[in-house]
K.L.:
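My questions all concern the structure below.
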Amino acid sequence: MSKPILLLVDGSSFLYRAYHALPDLRGPEGQTTGAVHGIVAMMKKLRDDIGAEHAACVFDAKGPTFRDEWYPEYKAQRAPMPDDLRAQIEPIHEVVRLLGWPVLEVPGIEADDAIGTLARLGAASGHQVVVATGDKDLAQLVTPDVSLINTMAKPPERLDEAGVLEKFGVPPDRIIDYLTLMGDAVDNVPGVEKVGPKTAAKWIAEHGSLDGVMANADKIKGVAGENLRKALDWLPMGRKLVTVRCDCDLDGHVPGWPALGALALKPVDESGLAGFYGRYGFKTWLKELTGELPAPKTKAAAPAAAPDASAAPTPPAAPLERRYETLLSWEQLDAWLARIEAAPLTALDTETDSLDGMQARIVGISFAVEPGRAAYIPLRHEGPDAPEQLPLDAVLARLKPWLEDASKKKLGQNIKYDSHVFMNHGIAVAGYAHDTMLQSYVLEAHKTHGLSALAERHLGRSGINYEDLCGKGAHQIPFAQVDVARATEYSGEDSEMCVQLSELLLPQIQAEAGLNFVYEQIELPTSAALARVERTGVLIDASRLQAQSHELAQRLVALEQQAYEIAGQPFNMGSPKQIGEILFNKLGLPVVKKTATGAPSTDEEVLDKLAQDYPLPAKILEYRGLAKLKSTYTDKLPLMINPATGRVHTTYAQAVTVTGRLSSNEPNLQNIPIRTAEGRKVREAFIAPPGHCIVSADYSQIELRIMAHISEDPGLLRAFQEGQDVHRATASEVFGVPLDEVTSEQRRYAKTINFGLIYGMGAFGLAQSLGIEQKAAKDYIDRYFTRFAGVKRYMDETKSRAAELGYVQTLFGRRIYLPEIKGGNGPRRAGAERQSINAPMQGTAADLIKLAMVAVQNELDARGLATRIIMQVHDELVFEVPEAELDWVKAEVPRLMAGVAQLKVPLLAEVGVGANWDEAH
DNA sequence: TACTTACCGCACGTC
DNA sequence: GACGTGCGGTAAGTAA
């Protein structure tokens with residue numbers, strides 16, 4: 001306690017904080033005084049509390065510093081100091097001096113650097129240094145002789161070395177590294193995107209320092225890891241910028257410098273201060289000063305007149321001159337109608353009030369027939385500035401003949417969505433000839449296919465960002481409230497970009513016969529068929545699901561109680577983290593394996609194993625299974641019933657998976673349980689209306705059949721040609737027993753092996769799913785390959801072909817790119833190799849069922865039948881069939897499905913009928 | 001500093 | 001093996 005104290009106040013950091021944190025105080029002359037008030041209060045308190053002998057209050061000087069030289073964008077984003085704060089700067093300097101503080105303001109040197117320099121000098125001269133700041137950056141200065149105090153925090157916090165470590169998770173000498181990784185938005189110093197305090201501290205803890213992190217950049221996973229790699233070049237400069245300099249030259253700026261005596265805290269200038277308090281209306285302090293009793297504070301609250309930040313400059317215009325017209329009169333509309341009537345191909349885009357195609361209503365429509373030109377018809381824009389618009393219904397009536405004329409060819413981005421939207425207004429658009437999303441999907445399935453991504457990739461143009469237009473999150477406004485002029489630019493651009501994209505992409509597709517087949521004969525017709533399926537929806541027995549939910553809820557409560565009793569305390573059974581805490585810390589169960597993040601794993605495999613010796617894991621497993629059923633299915637599905645149709649309408653994503661499969665969302669109808677009895681019950685709620693049945697038709701062993709076809713393995717071909725049970729046949733070969741002596745266990749093994757092969761599983765994966773030693777699994781695989789040498793040959797060939805070309809193909813010419821089969825590191829490359837085996841089979845299966853769906857739909861239409869496709873689940877089509885059409889469907893649908901391709905083995909589709917989806921299997 | 005949003009990891013459903 | 005969804009937890013971003 002004997003060391004003298006040097007107290008350094010970061011005046012600039014408190015300036016802003018006091019200004020923002022305090023109410024808008026006014027002095028007698030109406031001047032804003034909030035910041036002055038805040039600073040005075042703090043300086044008084046600091047002086048009283050710290051008992052310093054030497055002190056300085058340091059401010060940033062005006063003008064550039066060395067950091068601006070290193071990095072011109074430094075603090076460039078920072079809004080200019082508000083006028084009413086600027087006006088308080090001089091008074092603050094004045095009053096701080098009156099309070100007896102040396103004030104320091106050094107041109108060319110920021111307050112931080114001056115403080116750093118003073119702190120080092122003070123420590124060297126035997127002082128205990130206290131730095132008062134609201135800025136975390138100065139934590140880098142902390143040493144045994146230098147501590148930090150933040151008086152703005154609710155309980156003022158003092159940070160010594162241990163405190164810094166506790167608060168930031170890194171020691172003071174790693175604060176620079178920590179700040180470098182995070183960057184500083186306020187000073188416009190970038191760090192690594194998506195890295196905040198937690199991630200920065202974690203990385204530094206893992207790798208020791210910024211240099212360690214940078215050296216191991218390739219090992220860091222996730223988006224943040226990618227961002228780190230992108231930032232590697234920048235980080236040294238970032239580090240330079242966030243480093244506080246402790247070697248500044250302060251000569252000539254402090255009277256009496258370099259003797260520290262220059263920084264002696266002087267007595268308060270009472271008369272000067274009284275005058276100041278009087279001028280600023282600080283009555284309480286004035287009375288305090290003159291010895292009177294304190295009076296209650298007066299606050300003259302007045303709303304701050306915050307001027308809007310000036311709008312961001314708009315980017316310079318692109319080279320191609322673009323003219324988009326807003327159609328507000330019939331004359332304008334008719335002129336454009338004449339253009340699209342005459343055009344060979346028109347791009348079309350709708351703006352709506354919902355992302356859900358089944359619910360969306362039109363807000364505006366845009367057209368384009370050539371690059372650079374587009375028209376937008378605002379129809380339901382609202383707001384004070386919205387112009388008089390043409391009436392929606394009348395415009396749609398005018399456009400309807402053109403929209404429904406199949407000879408007028410149209411083009412769009414994700415046309416399935418737009419066709420729903422028009423259908424919501426009673427218009428069945430015909431003549432959709434192209435979809436840029438599907439074009440992109442056929443060319444490069446592994447990339448993303450949003451319009452802005454396509455524009456960026458192919459046109460080198462970013463397009464107006466939807467979020468710039470409407471905002472995001474809670475602040476997003478409906479499109480109808482977007483300014484019509486801006487909406488015209490946005491929507492017009494969408495249509496116009498479609499024109500350009502198609503001109504670019506279509507020739508690339510047409511240059512390859514296979515791709516062209518996939519695009520024209522598979523994807524485009526599938527899009528139309530899917531629109532029908534989505535629109536039809538599926539009938540759900542909500543009350544049945546609710547009853548199931550109820551029952552599940554009761555069982556869950558019971559399980560919960562039992563689990564709490566075993567654990568001796570309640571916990572969240574849905575949280576792996578809390579489960580881990582109870583299981584491994586409280587109850588002391590052995591940790592079987594860890595997750596990628598290093599936490600003890602509580603996955604099914606682990607709990608299964610632990611369940612052999614302990615009671616709780618089994619309860620958790622059962623709970624998990626039931627909770628999943630309840631939350632995902634029995635609770636959720638009834639909520640997804642469309643009130644207008646009384647049915648559930650999923651959306652099929654046609655451009656998501658790399659293999660060509662569809663995916664289904666909101667709700668996902670492709671993962672409704674089937675394996676367990678409890679899960680299957682959910683399928684009982686998928687029902688048909690009175691007088692109808694559910695019919696399910698699924699391809700039998702489609703991927704194995706495709707494997708037989710592609711590999712031409714004689715054994716496999718024969719098994720299918722002779723109509724054998726393939727798994728039994730496989731078992732017979734692998735185990736070397738006659739067909740009729742295959743045991744059920746042998747058949748089960750063979751079945752798993754077959755699936756493993758299709759999925760490109762190695763010995764490891766097979767061992768896991770069979771629960772056997774890896775060596776035994778390898779033996780089976782080897783035996784399989786000697787018996788089915790053709791399969792082995794196919795796999796080797798496809799792998800090397802994939803490595804050569806960088807992609808594999810389906811039977812119909814769909815391409816699946818595997819960029820990592822050439823580059824890529826060990827495991828990724830192995831993954832790509834597995835993909836190269838699996839993708840042609842899975843992709844061909846996807847092609848086949850798409851063709852089947854189109855063929856069946858066409859036949860239903862041609863015959864004018866009322867049977868409707870209601871779902872597609874990878875190898876299965878589900879129908880809602882009037883009883884009168886049941887016989888036809890049972891006979892013809894399997895025939896149509898089997899007939900979409902002639903393979904070297906028969907395609908077989910099996911059909912089932914029932915009152916609900918469960919029964920139909 | 002408090003609230004909202006975004007993302008990640010986990011678990012699990014299907015094929 | 002692939003895919004997608006939903007949940008809990010935490011980090012980041014934003015407004016006050």
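Residue numbers begin at 1 in each chain, while the letters A, B, ... track the order of the sequences.
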K.L.:
Could you write out DNA chain C as dot-bracket? Rules: Watson-Crick or G-U wobble, both distances under 3.5 Å, brackets [ ] for crossings, | for pairs with another strand, dot for unpaired.
P.N.:
|||||||||||||||.
K.L.:
Regarding A:Arg661, tell me which of base, sugar-phosphate or nothing describes its non-hydrogen contacts under 4.0 Å with the strands shown.
P.N.:
base
K.L.:
Counting only heavy atoms not in A:Glu910 (residues, nucleotides, ligands), do more than 12 fall under 6.0 Å from its CD?
P.N.:
yes
K.L.:
Return the nearest nucleotide to the side chain of A:Asp875; candidates are C:dC7, B:dC15, B:dT14.
P.N.:
B:dC15
K.L.:
Rounding to a whole Å, what distance do you find between A:Gln670:CD and C:dC3:P?
P.N.:
13 Å
K.L.:
Measure CD/A:Gln872 against C1'/C:dG4 and give the value in whole Å, please.
P.N.:
14 Å
K.L.:
For A:Lys198 and B:dC8, is the shortest distance between a side-chain N/O and OP1 or OP2 below 4.0 Å?
P.N.:
no
K.L.:
Under 4.0 Å between any heavy atoms, over every strand shown, what does A:Ile672 touch: base, sugar-phosphate, or nothing? Just pick one.
P.N.:
sugar-phosphate
K.L.:
Using the side-chain heavy atoms of A:Pro673, tell me which of these nucleotides is nearest: B:dC12, C:dG4, B:dT14.
P.N.:
B:dT14
K.L.:
Please give, in whole Å, the distance from C:dC3 C1' to A:Gln842 CD?
P.N.:
8 Å
K.L.:
Between atom CD of A:Gln809 and atom OG1 of A:Thr844, what is the distance when rounded to the nearest 0.5 Å?
P.N.:
10.0 Å
K.L.:
What nucleotide among C:dG6, C:dA11, B:dA11 has an atom nearest to a side-chain atom of A:Thr199?
P.N.:
C:dA11
K.L.:
Does A:Leu639 CG have over 12 foreign heavy atoms under 6.0 Å away?
P.N.:
yes
K.L.:
Among B:dG13, B:dT14, B:dA11, which nucleotide has an atom closest to any side-chain atom of A:Tyr633?
P.N.:
B:dG13
K.L.:
Checking contacts here: which listed nucleotide (C:dG6, C:dT5, B:dC15) is nearest the side-chain heavy atoms of A:Tyr759?
P.N.:
B:dC15
K.L.:
Round to the nearest Å and state the distance from A:Trp203 atom CH2 to B:dC8 atom P.
P.N.:
11 Å
K.L.:
Heavy-atom nearest nucleotide on DNA chain C for A:Thr657 versus A:Val195: which residue maps closer to 5'?
P.N.:
A:Thr657
K.L.:
Looking only at the side chain of A:Val658 (C-beta and beyond, no hydrogens), which of the listed nucleotides C:dC3, C:dG6, B:dT14 gets closest?
P.N.:
C:dC3
K.L.:
Could you please name the option among C:dG6, C:dC3, C:dG4 that lies closest to any side-chain atom of A:Ser663?
P.N.:
C:dG4
K.L.:
Check every strand shown and say whether A:Pro197 touches a base, only sugar-phosphate, or nothing at a heavy-atom separation below 4.0 Å.
P.N.:
sugar-phosphate
K.L.:
Would A:Arg680 and A:Glu684 pass as an ion pair if we require N to O under 4.0 Å?
P.N.:
no
K.L.:
Measure CG/A:Asn671 against C1'/B:dC15 and give the value in whole Å, please.
P.N.:
11 Å
K.L.:
Report the distance from atom NZ of A:Lys751 to atom C1' of B:dC15, rounded to the nearest whole Å.
P.N.:
12 Å
K.L.:
Tell me whether the count of non-hydrogen atoms from other residues, nucleotides or ligands lying under 6.0 Å of CD in A:Glu193 goes above 12.
P.N.:
no
K.L.:
Looking only at side-chain N and O atoms, does A:Asn665 come under 4.0 Å of OP1 or OP2 in C:dT5?
P.N.:
yes
K.L.:
Which of the following nucleotides, C:dT5, C:dA2, C:dG13, is nearest to the side chain of A:Lys194?
P.N.:
C:dG13
K.L.:
On DNA chain C, compare the nucleotides closest to A:Thr659 and A:Ala200; which residue's is nearer the 5' end?
P.N.:
A:Thr659
K.L.:
Nearest whole angstrom, please: distance from the C1' of B:dT14 to the OH of A:Tyr652.
P.N.:
13 Å
K.L.:
Rounded to the Å, how far apart are A:Glu678 CD and B:dC12 C1'?
P.N.:
15 Å
K.L.:
With heavy atoms under 4.0 Å as the rule, sort A:Asn838 into base, sugar-phosphate or nothing.
P.N.:
nothing
K.L.:
What's the closest nucleotide to the side chain of A:Arg834 if the choices are C:dA11, B:dC12, C:dG1?
P.N.:
C:dG1
K.L.:
Using 30° and 60° as the class boundaries, would you call the ring planes of A:His446 and A:Tyr817 parallel, tilted or perpendicular?
P.N.:
tilted
K.L.:
Is it the case that over 12 heavy atoms from other parts of the model lie below 6.0 angstrom from the CD atom of A:Gln569?
P.N.:
yes
K.L.:
Can you identify which nucleotide, out of C:dG6, C:dG4, B:dC15, has its nearest atom closest to the A:Val873 side chain?
P.N.:
B:dC15
K.L.:
Would you say the side-chain atoms of A:Gln842 and A:Thr659 include a donor-acceptor pair closer than 3.5 Å?
P.N.:
yes
K.L.:
Looking only at side-chain N and O atoms, does A:Glu876 offer a donor or acceptor that is under 3.5 Å from a partner on A:Ser696?
P.N.:
yes
